[in-house]
Amino acid sequence: MSLRLEKQGAVAHLLIDRAEKRNAFTQAMWEEFPLLLGEAMADETIKVMLLRSAAAGTFCAGADIAEFGVGALDPEWRAKNQAAIGRAQYELVRAEKPVIAAIDGDCVGGGCGLSIACDLRVASSRARFGITPAKLGLVYSLHDTKLLVDLVGPAQAKRILFTAQLLPADEAQRIGLIEILDDDPVTAAVSLAETIAAASSHSVRNTKRIVRRILDGQADDDAETQALFGAAFLGEDFQEGVSAFLEKRRAVFK
C-alpha cells in the first residue's frame, strides 16, 4: 500500500510509502488519505498524529505527474481529482487532533500543500520546499493559497507561488514555513507529539478549534466560545491540573 496508518501509544503515524516515485500521490492515494486520517481521529487512544514518509530522504513530491498529465485532459477525471485533493486538504486542516508533519527531503507541490495543512512542521536540513503550479501553467486553489498566506504572509506566499522555486530548509524556517529544524525530524516530531499528548487533550483540541476560527475570520468571542471557556473550569482536566499543582506532581490527563 502507498499509504498506511501505524499506531504507537498515543501517537499515530500516517506513512507515505511510495519512495520509488518520491512519494508522489496518485488519485487512489488522495482518496485513501481522508479515510486513514478519520481512523486516527476516531481512535480514542490517539492524541496526536504524525504525517511522514515511510522512508528517509523524501517527504512528498506532490501529484503523480504521469497520471495527472493524462487524466487532467478528461473533465470527469479532473473534477474527481480536484474533489479528492480538496477533501484531503480540508479534512487535514480541520482534523480534531493535532497533526505534525515530519519532513525529510523534497516537500513539493501537493506535498507542500499537505505540510501546510498540518498544525506544525519539523524538517531536516536536507528538506526543500516549493509549490509549483506556475511551472505547469496551473492556478493554486483559494483554500490552499489561504493556508500558505496564513503561515508565511502574503508577500512570501506570492514569492513562493510566482517563482515556483525550491526553498532550502533554513530559509523555510526563517519565513515561517516550518517551526523546527532538526536533522532527525522523525525523532524530533515524535518528541514534540509526546509532549503534546501529555498535555490536556481538552485544552489542546479546543485551542486548535479556536485558532481555526480566528484564521477563518472570527475576531470576537461568541456564545459558543464563551461557554467553552466557562465549562472548562468544571472539567476533569482542570481538576487534575489543579490537584497536580497543589501536590507538586506531574498531571496525568486521560
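A quick note: this is a predicted structure, and the numbers were derived from the prediction, not measured. All values below were derived from every heavy atom in this structure, side-chain atoms included, with hydrogens, water molecules and symmetry-related copies excluded.
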query: What is the minimum heavy-atom distance between I103 and S115, and which atoms define it?
result: CD1-CB, 3.9 Å
task: Please round to the nearest 0.5 Å and tell me the distance separating atom CD of E96 and atom CZ of R209.
output: 8.5 Å
field: Sidechain-backbone polar pair: R121 side chain, L177 backbone, donor-acceptor under 3.5 Å
entry: yes
- prompt: Mind checking whether V99 and L14 have side chains closer than 4.5 Å, heavy atoms only?
  reply: no
message: Using a 6.0 Å cut-off, check whether atom CG of L246 has over 12 heavy atoms from anything other than its own residue.
response: yes
- prompt: Can you check whether I160 reaches I175 side chain to side chain, under 4.5 Å on heavy atoms?
  reply: yes
message: Are Y140 and V108 connected into the same hydrophobic cluster when the rule is that any two of I, L, V, M, F, W, Y join if their side-chain heavy atoms are below 4.5 Å apart?
response: no
message: Pairing donors with acceptors under 3.5 angstrom, does anything connect the side chains of R78 and N81?
response: no
query: I178 and A123: which non-hydrogen atoms are nearest, and at how many Å?
result: CD1-CB, 3.7 Å
- request: Could you tell me whether E44 atom CD has more than 12 heavy atoms of other residues or ligands within 6.0 Å of it?
  value: no
task: Determine the minimum heavy-atom distance between A88 and F33, stating which atoms define it.
output: CB-CD2, 4.0 Å
- request: With side chain to side chain contact (heavy atoms under 4.5 Å, CB included) as the test, would you mind laying out the steps for V204 and V48 before giving the verdict?
  value: CA-CA 10 Å; V204 170; V48 184; over 6 Å; no
message: Can you tell me if R249 has over 12 outside heavy atoms packed within less than 6.0 Å of its CZ?
response: yes
- request: Give the intermediate values and the outcome of side chain to side chain contact (heavy atoms under 4.5 Å, CB included) for residues I210 and L228.
  value: CA-CA 10 Å; I210 288 173; L228 191 64; 4.1 Å; yes
query: Do E179 and V122 come within less than 4.5 Å of each other through their side chains, counting heavy atoms only?
result: no
message: Treating E240 as the side-chain partner and V252 as the backbone partner, does any N or O pair qualify as donor plus acceptor under 3.5 Å?
response: yes
- prompt: Salt bridge check: are K21 and E67 linked by an N-O gap of less than 4.0 Å?
  reply: no
- prompt: Do V93 and L36 belong together in a cluster built from hydrophobic side chains that touch within less than 4.5 Å?
  reply: yes
message: Tell me which one of M49, R87, K97 satisfies side-chain contact (heavy atoms from CB on, under 4.5 Å) with L37.
response: M49
Donor-acceptor contact present, side-chain Q218 to main-chain D220, <3.5 Å: yes
field: Rounded distance (nearest 0.5 Å) linking atom CZ of R52 with atom OG1 of T58
entry: 13.5 Å
- request: Taking all non-hydrogen atoms of both residues into account, name the closest pair between V152 and A157 and its distance.
  value: CG2-N, 3.6 Å
Spacing of Q173 atom CD and F129 atom CZ [to the nearest 0.5 Å]: 9.5 Å
message: Could you see if I180 belongs to whatever hydrophobic cluster contains I196? Use Ile, Leu, Val, Met, Phe, Trp, Tyr and a side-chain cutoff under 4.5 Å.
response: yes
task: Kindly check if the number of other-residue, nucleotide or ligand heavy atoms within 6.0 Å of CD (Q226) is above 12?
output: yes
- prompt: Could you give the distance from NZ (K158) to OG1 (T163), rounded to the nearest 0.5 Å?
  reply: 13.5 Å
field: Flag, side chain of S200 to backbone of S203, donor-acceptor distance under 3.5 Å
entry: yes
Heavy-atom check, side chain of F25 versus side chain of I16, under 4.5 Å: yes
- request: For the residue pair H143 and Y90, categorise the inter-ring angle as parallel (less than 30°), tilted (30 to 60°) or perpendicular (more than 60°).
  value: tilted
message: Would a single hydrophobic cluster contain both F59 and L166, if residues Ile, Leu, Val, Met, Phe, Trp and Tyr are joined by side-chain heavy-atom contacts under 4.5 Å?
response: no
- prompt: Is it true that atom CZ of R18 has more than 12 heavy atoms of other residues, nucleotides or ligands lying nearer than 6.0 Å?
  reply: yes
Which atom of Q89 lies closest to which atom of D144, heavy atoms considered: NE2-OD2, 3.4 Å
Residue among N23, D17, D106, D104 satisfying side-chain hydrogen bond (donor to acceptor under 3.5 Å, both in side chains) with S53: N23
- request: Could you state whether L15 and V190 fall into the same hydrophobic cluster, counting links through intermediate Ile, Leu, Val, Met, Phe, Trp or Tyr residues with side-chain heavy atoms under 4.5 angstrom apart?
  value: no
task: Starting from the C-alpha separation in whole Å, work towards a yes-or-no answer on side chain to side chain contact (heavy atoms under 4.5 Å, CB included) for T26 and S2.
output: CA-CA 9 Å; T26 62; S2 298; 5.7 Å; no
query: Rounded to the nearest 0.5 Å, how far does CD of E236 lie from CZ of F253?
result: 11.5 Å
- prompt: Could you give the distance from CG (L192) to CG (L50), rounded to the nearest 0.5 Å?
  reply: 8.0 Å
Shortest non-hydrogen contact from I46 toward G9: CD1-O, 3.6 Å
message: Surrounding NZ of K7 (heavy atoms of other residues, nucleotides or ligands, distance under 6.0 Å), is the total greater than 12?
response: yes
message: Any salt bridge linking D170 with R174? Criterion: basic side-chain nitrogen under 4.0 Å from a carboxylate oxygen.
response: no
task: Please examine the side chains of I100 and C118, heavy atoms only from C-beta on, and report whether any two atoms are closer than 4.5 Å.
output: no
- prompt: Can any side-chain N or O of T225 pair as donor or acceptor with the backbone N or O of D221 at less than 3.5 Å?
  reply: no
- prompt: Stepwise, does the side chain to side chain contact (heavy atoms under 4.5 Å, CB included) test hold for D216 with R94?
  reply: CA-CA 11 Å; D216 286 343; R94 289 160 179 79; 3.7 Å; yes
field: Backbone N/O of S191 and side chain of T195: donor-acceptor pair under 3.5 Å
entry: yes
- request: Give a yes or no on whether K208 atom NZ has more than 12 heavy-atom contacts from other residues, nucleotides or ligands under 6.0 Å away.
  value: yes
